[in-house]
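Report on the following structure.
Every heavy atom of this structure was used, including side-chain atoms; hydrogens, water molecules and symmetry mates were not.
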Amino acid sequence: MLSSVGLHTKDGPNGAAADEGFDAAEKAPPAGFIQLDIVQALHAVLVELGADLDDLLTEADLDPRLFDGGHRLVSFTDVGHLIALAVDRTRCPHLGLLVGQRTTLASLGLLGRLIRSSDTVGEALRALETHLCVQNRGAAVGLGVYDDIVVLNYAPHQPEAEGAAHHAERGLAMVTNVLRALCGPDWAPLEALLPRSAPRDTGPYVSFFHAPVRFDAETASLVFSAELLAQRIAGADPAVRQRVEERICRLEAAEPSSLTDKLREYLQTVVTRQRCKAEGVARLRLVNRRTLSRHLQAEGTSFRRLANEAQFRVAKKLLADTCMTLAQISATLSFSEPAAFTHAFRRWAGMTPSAWRQANRPEAMRDQRYEDPRPRGRRASGCSGMFTPGPALL
């Protein structure tokens with residue numbers, strides 16, 4: 001059954017919040033949980049699509065009160081399971097996109113206020129990257145700058161989980177709405193990348209992003225000009241930003257993450273960018289590699305184990321949800337050759353990548369109900385043109 005915990009309380013007398021009238025969560029979500037606004041958006045979309053909500057919840061073995069609007073947190077994996085089931089039952093392969101389109105800065109609560117009060121777009125996106133955990137502890141946002149190009153990706157912590165591809169496109173739609181709230185409703189990326197095979201009708205994606213959309217990509221990413229980072233945000237208020245950020249930091253401190261959890265989250269955003277290096281992570285955390293290794297050993301793990309875990313999770317996602325070849329997946333995960341990837345995957349899974357793909361391919365992809373009808377040759381060509389940036393400037 002669905003896991004849920006109590007969430008919202010008022011901070012002051014008569015329900016008034018303590019900080020400048022801000023309504024906020026009493027605490028940040030624990031690892032693997034998200035706040036209920038995503039479920040509320042999913043409810044609205046399913047109602048519009050005419051879905052039988054009671055039947056869906058029963059079939060998904062979830063709490064029948066999920067859509068009642070109670071103040072709860074919900075499991076990221078439970079929502080992913082529900083979205084995947086709803087995609088199949090409603091015959092709407094872009095359901096995740098429809099849910100993400102309903103995101104507003106107001107729906108992001110304190111995080112939305114922090115973004116709105118930031119001085120520049122770059123500062124706002126760094127705030128989103130740093131503090132998404134106060135809203136969503138099931139995914140991470142990563143921001144990479146490559147000369148004059150920015151790649152912003154949305155990475156579920158468990159990319160191999162059911163519905164993760166739909167979560168990824170929902171997250172990318174959310175980030176797009178955030179940028180449109182800051183830059184104007186006509187803002188569009190240079191390109192949108194989605195780690196899933198193309199549905200028969202790609203029109204909803206092109207219509208929403210107003211840009212080329214590349215399916216069978218290695219990550220869920222928006223690509224745009226680095227000049228945007230310096231754009232100032234109208235109405236930014238440094239004093240409000242400071243107060244909101246302090247409040248968010250207090251919420252995060254009340255729900256701390258272990259070093260292992262933090263590294264798992266970080267590695268998930270960089271595993272496809274050839275940056276899973278212990279030295280780089282040590283520099284980011286302002287500690288040397290030996291100290292980093294000692295802390296991880298005390299938590300019963302190692303950097304190598306966490307990096308391998310991140311590679312394995314992404315490999316399973318790409319095998320199940322995309323039409324990328326084994327050679328392409330091998331290169332994406334920085335293996336020297338496909339044979340090395342096959343050897344590593346066999347060690348992780350007890351079978352070859354090809355056998356795992358055959359056994360775990362979603363039914364919708366096996367029978368090609370949602371497949372792009374274009375010839376395979378054209379699709380393979382599209383896969384081979386993956387964006388491969390140089391080292392990120394952090």
Side-chain angles (χ1 to χ4, degrees), residues 97 100 115 118-130 132 139-156 159 165 168-196 198 202 205-233 265-277 280-281 283-284 310 314 317-318 322 324 328-329 331-334 381-394:
L97 184 73
I115 290 169
S118 296
D119 186 49
T120 65
V121 172
E123 186 178 274
L125 293 179
R126 291 295 183 192
L128 177 65
E129 180 183 39
T130 302
L132 180 66
V141 167
L143 192 65
V145 183
Y146 310 93
D147 297 327
D148 59 345
I149 292 295
V150 174
V151 179
L152 190 154
N153 65 3
Y154 180 91
E169 71 179 47
R170 177 195 58 75
L172 213 59
M174 176 270 291
V175 174
T176 301
N177 273 1
V178 166
L179 282 164
R180 285 176 179 160
L182 302 178
C183 306
D186 295 329
W187 180 85
L190 299 175
E191 187 177 26
L193 284 63
L194 290 169
R196 56 163 294 180
T202 61
Y205 296 90
V206 176
S207 176
F208 173 72
F209 289 111
H210 306 311
V213 179
R214 176 145 47 89
F215 295 89
D216 287 322
E218 60 271 34
T219 61
S221 303
L222 296 178
V223 181
F224 53 89
S225 171
E227 293 179 355
L228 186 70
L229 298 180
Q231 181 173 314
R232 302 188 73 83
I233 298 173
E265 294 169 5
Y266 172 76
L267 289 171
Q268 210 57 63
T269 67
V270 301
V271 66
T272 60
R273 289 190 271 163
Q274 295 79 46
R275 291 164 53 197
C276 286
K277 306 297 183 184
V281 172
R283 286 195 299 271
L284 284 174
V314 171
K317 175 194 71 173
L318 297 178
T322 78
M324 292 174 68
Q328 290 166 341
I329 295 173
T332 293
L333 297 176
S334 303
S381 173
C383 289
S384 64
M386 292 184 293
F387 177 74
T388 308
L393 304 176
L394 295 179

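- Contact check on R126 versus E123 returns no salt bridge, with no Lys/Arg side-chain nitrogen under 4.0 Å from an Asp/Glu carboxylate oxygen.
- Each of L222, V223, V145, L125 was checked for a side chain to side chain contact (heavy atoms under 4.5 Å, CB included) with V150, and the lone residue meeting it is V145.
- Rounded to the nearest 0.5 Å, atoms CZ (R214) and CD (E191) are 4.0 Å apart.
- Across all non-hydrogen atoms, the minimal contact from A220 to A168 is CB-CB, 3.7 Å.
- Checking side-chain atoms of E129 against main-chain N and O of L143 turns up a donor-acceptor pair under 3.5 Å.
- When all heavy atoms are compared, the tightest approach of A211 to P189 is CB-O, 3.2 Å.
- We find the CG-NE2 distance between D186 and H210 to be 7.0 Å, quoted to the nearest 0.5 Å.
- Atom CZ in R196 sits 13.0 Å away from atom NZ in K317 (nearest 0.5 Å).
- Atom-to-atom distance recorded for L228:CG and T120:OG1 is 9.5 Å, nearest 0.5 angstrom.
- Residues P156 and A139 share a closest heavy-atom pair of CA-CB, 3.7 Å.
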Which atom pairs, one a donor and one an acceptor, fall under 3.5 Å between side chains of residues 170-183 and the rest of the protein, sequence neighbours left out?
unit_1: R170; atom_1: NE; unit_2: H167; atom_2: ND1; d: 3.3
unit_1: R170; atom_1: NH2; unit_2: Y154; atom_2: OH; d: 2.8
unit_1: R170; atom_1: NH2; unit_2: H167; atom_2: ND1; d: 3.3
unit_1: T176; atom_1: OG1; unit_2: L172; atom_2: O; d: 2.9
unit_1: N177; atom_1: ND2; unit_2: Q101; atom_2: O; d: 2.7
unit_1: N177; atom_1: ND2; unit_2: T103; atom_2: O; d: 3.0
unit_1: R180; atom_1: NE; unit_2: W187; atom_2: O; d: 2.8
unit_1: R180; atom_1: NH1; unit_2: F208; atom_2: O; d: 2.9
unit_1: R180; atom_1: NH2; unit_2: W187; atom_2: O; d: 3.3
unit_1: R180; atom_1: NH2; unit_2: F208; atom_2: O; d: 2.7
unit_1: R180; atom_1: NH2; unit_2: F209; atom_2: O; d: 3.4

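- Side-chain atoms of E169 come within 3.5 Å of backbone N or O of L97 as a donor-acceptor pair.
- For residues 222-232, the salt bridge (charged side-chain N to carboxylate O under 4.0 Å, His left out) pairs, not counting sequence neighbours, are D119-R232.
- Scanning both residues, L318 and T322, for their nearest heavy atoms gives O-OG1, 2.6 Å.
- Among all heavy-atom pairs drawn from A124 and I233, the shortest one is CB-CD1, 3.9 Å.
- Here the side chains of L193 and V151 are not in contact, with every heavy-atom distance at 4.5 Å or above.
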